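One structure is given here, and the rest of the page talks about it.
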Amino acid sequence: RARADGIGGWSVFENEMGRVADYRQWVESELTDAIDRGDFVLYYQPQLSLKGERIVGYEALIRWQHPERGLIPPNEFIPVAEESGMILQIGKWALHQGCHDACMLPDDTYVAINLSPVQFGDRALTETVRQALEESGLPANRLELEITETAMTMDRIQARKVMASLSEMGVQIAIDDFGTGYSNLSYLMDFTFHKLKIDRSFVCRLQDDDTTGAVISTIVGLSRALGAETLAEGVETADQATLLRAAGCDSVQGFHYARPAPLSTFVDSESAGARLLPRAVGATYH
Ligand code: C2E
Ligand code: MG
Ligand code: MG
Ligand code: MG
């Protein structure tokens with residue numbers, strides 16, 4: 001599709017579009033193999049309480065370890081997997097792997113796993129979660145599930161039911177990227193959840209003006225009124241952390257504290273040896 005004479009103007013655009021489409025196609029065709037090969041890995045990023053700056057949990061962030069292309073970030077394949085429906089298999093794998101991994105992390109921490117809106121709309125979700133907990137032996141209160149506002153608003157009645165039943169199982173529910181979606185306050189009051197994750201776009205602006213701090217304080221107040229905690233995402237500087245503490249945030253996550261890294265970074269190798277997951281575990285769920 002690429003044209004040799006494509007200098008400037010429309011043909012460059014065409015080339016670019018062609019490349020994007022080619023890459024997308026490549027991703028889609030490779031994903032099936034990736035599932036069979038067990039290419040996926042979960043990286044973990046610590047979440048810290050602002051009181052005492054202790055690690056309270058770890059967010060699992062999926063990466064695709066492609067045999068030739070190396071590590072591929074989720075934004076490049078999750079949307080494709082969502083469109084093709086493959087996200088259900090990948091998501092199931094992530095739930096099982098995340099629960100197994102959590103068993104190797106300190107008992108007083110949780111693992112947070114991202115759910116795609118597609119998974120959230122899947123009738124089998126609660127059963128999948130129950131199985132992952134059962135097979136790994138992880139106590140339900142050490143699992144947190146992150147869902148976006150968009151997922152909640154797609155089918156409100158279904159969403160309410162799912163959130164209530166997950167919550168009854170003892171699983172914690174966090175609303176991811178809060179403040180960027182379309183959920184309104186009356187929606188929010190209807191759902192059971194335990195945490196609001198304040199989107200990075202708010203944290204980025206904290207140092208620019210006083211308004212952002214005031215808005216974050218308001219989100220914290222709102223969250224408390226609804227019986228939930230708050231976590232600020234994408235904290236990159238000490239100044240941001242200071243302002244977030246002043247705004248009353250409960251916990252933080254971001255490059256300032258730690259970047260996402262393989263599980264082995266967070267478990268001491270001695271104890272991990274004995275409790276290590278057999279390499280083939282991923283393959284059971286394909
Ligand atoms: P998210 O759940 O909002 O995750 C936070 C993203 O922000 C992660 O990107 C993380 O690496 C990045 N991040 C963390 N701290 C900082 C910081 O201080 N500065 C900046 N600039 N970025 C920071 P990542 O790992 O590339 O993941 C992107 C998105 O992919 C996630 O956004 C989530 O929506 C999705 N995702 C990741 N893993 C899974 C998964 O297992 N299943 C599903 N369905 N989606 C996933
Ligand atoms: Mg998340
Ligand atoms: Mg987020
Ligand atoms: Mg985000």
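In each ligand, atom 1 is the first atom listed, and ligand 1 is the first ligand listed. From a predicted model like this one, the values you see are computed outputs, not experimental measurements.
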Side chains of [X] and [Y]: is there a donor and an acceptor less than 3.5 Å apart?
| X | Y | result |
| --- | --- | --- |
| Gln253 | Gln47 | yes |
| Thr237 | Asp239 | no |
| Glu149 | Tyr187 | no |

Which N, O or S atom of Glu233 lies nearest to the Mg ion (ligand 3), by name: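 Restricting Glu233 to its N, O and S atoms, the minimum distance to the Mg ion (ligand 3) goes to OE2.
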Got [X] and [Y] here, is their nearest side-chain heavy-atom distance under 4.5 Å?
| X | Y | result |
| --- | --- | --- |
| Lys197 | Asp177 | no |
| Asp39 | Ile72 | no |
| Phe266 | Leu105 | yes |

By side chain to side chain contact (heavy atoms under 4.5 Å, CB included) - contacts of Ser116 (at least two apart):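 Expected list: Glu82, Ile87, Val118, Gln119.
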Looking at Glu59, pick out the N, O or S atom nearest to the Mg ion (ligand 2) and give its name.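 For Glu59, the N, O or S atom at the smallest distance from the Mg ion (ligand 2) is OE2.
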With a 4.0 Å cut-off on heavy atoms, does [X] reach ligand 1?
| X | answer |
| --- | --- |
| Gly91 | no |
| Glu82 | no |
| Arg200 | yes |
| His256 | no |

Evaluate [X] for polar contact with ligand 1, using N/O atom pairs at a separation under 3.5 Å.
| X | answer |
| --- | --- |
| Leu42 | no |
| Ile62 | yes |
| Gln45 | yes |

Show the atoms of ligand 1 that are less than 4.0 angstrom away from any heavy atom in [X].
| X | answer |
| --- | --- |
| Ser116 | 44 (N) |
| Glu236 | 17 (C), 18 (O), 19 (N), 20 (C), 21 (N) |
| Gly254 | 15 (N), 18 (O) |
| Asn75 | 28 (C), 29 (C), 30 (O) |
| Pro260 | 11 (O) |

Rounded to the nearest 0.5 Å, how far does [atom2] of [Y] lie from [atom1] of [X]?
| X | Y | atom1 | atom2 | value |
| --- | --- | --- | --- | --- |
| Ile173 | Phe191 | CD1 | CZ | 10.5 Å |
| Glu236 | Gln207 | CD | CD | 9.5 Å |
| Leu145 | His194 | CG | NE2 | 10.5 Å |

Please work out whether any backbone atom (N, CA, C, O) or any side-chain heavy atom from C-beta onward of [X] is under 4.0 Å from ligand 1, and answer side chain, backbone, both or neither.
| X | value |
| --- | --- |
| Asp176 | side chain |
| Glu233 | side chain |
| Arg63 | side chain |

The one among Val203, Asn114, Asp199, Val235 that brings a heavy atom closest to atom 33 (C) of ligand 1: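 Result: the heavy atom closest to atom 33 (C) of ligand 1 is in Asn114.
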The Mg ion (ligand 2) to Glu146: any N/O/S contact under 2.8 Å?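 Yes, since at least one N, O or S atom of Glu146 sits under 2.8 Å from the Mg ion (ligand 2).
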For the Mg ion (ligand 2), decide whether Asp176 has an N, O or S atom at a distance under 2.8 Å.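 True for Asp176.
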When the ring centroid of Phe178 is compared with that of Phe193, is the distance short of 6.0 Å?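 They do not qualify: ring centres at least 6.0 Å apart.
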Whether Phe40 and Trp64 hold their rings parallel, tilted or perpendicular, with breakpoints at 30° and 60°: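 Ring orientation, 0 to 90° scale: tilted.
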Please evaluate residues Glu30 and His66 with respect to the criterion side-chain hydrogen bond (donor to acceptor under 3.5 Å, both in side chains), reporting the C-alpha separation (whole Å), side-chain torsions for both, the decisive distance (0.1 Å), and the verdict. CA-CA 9 Å; Glu30 283 284 310; His66 190 272; 2.6 Å; yes
With a cut-off of 2.8 Å, does Asp177 put an N/O/S atom close enough to the Mg ion (ligand 3)?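 Looking at Asp177, which is the residue asked about, there is an N, O or S atom under 2.8 Å from the Mg ion (ligand 3).
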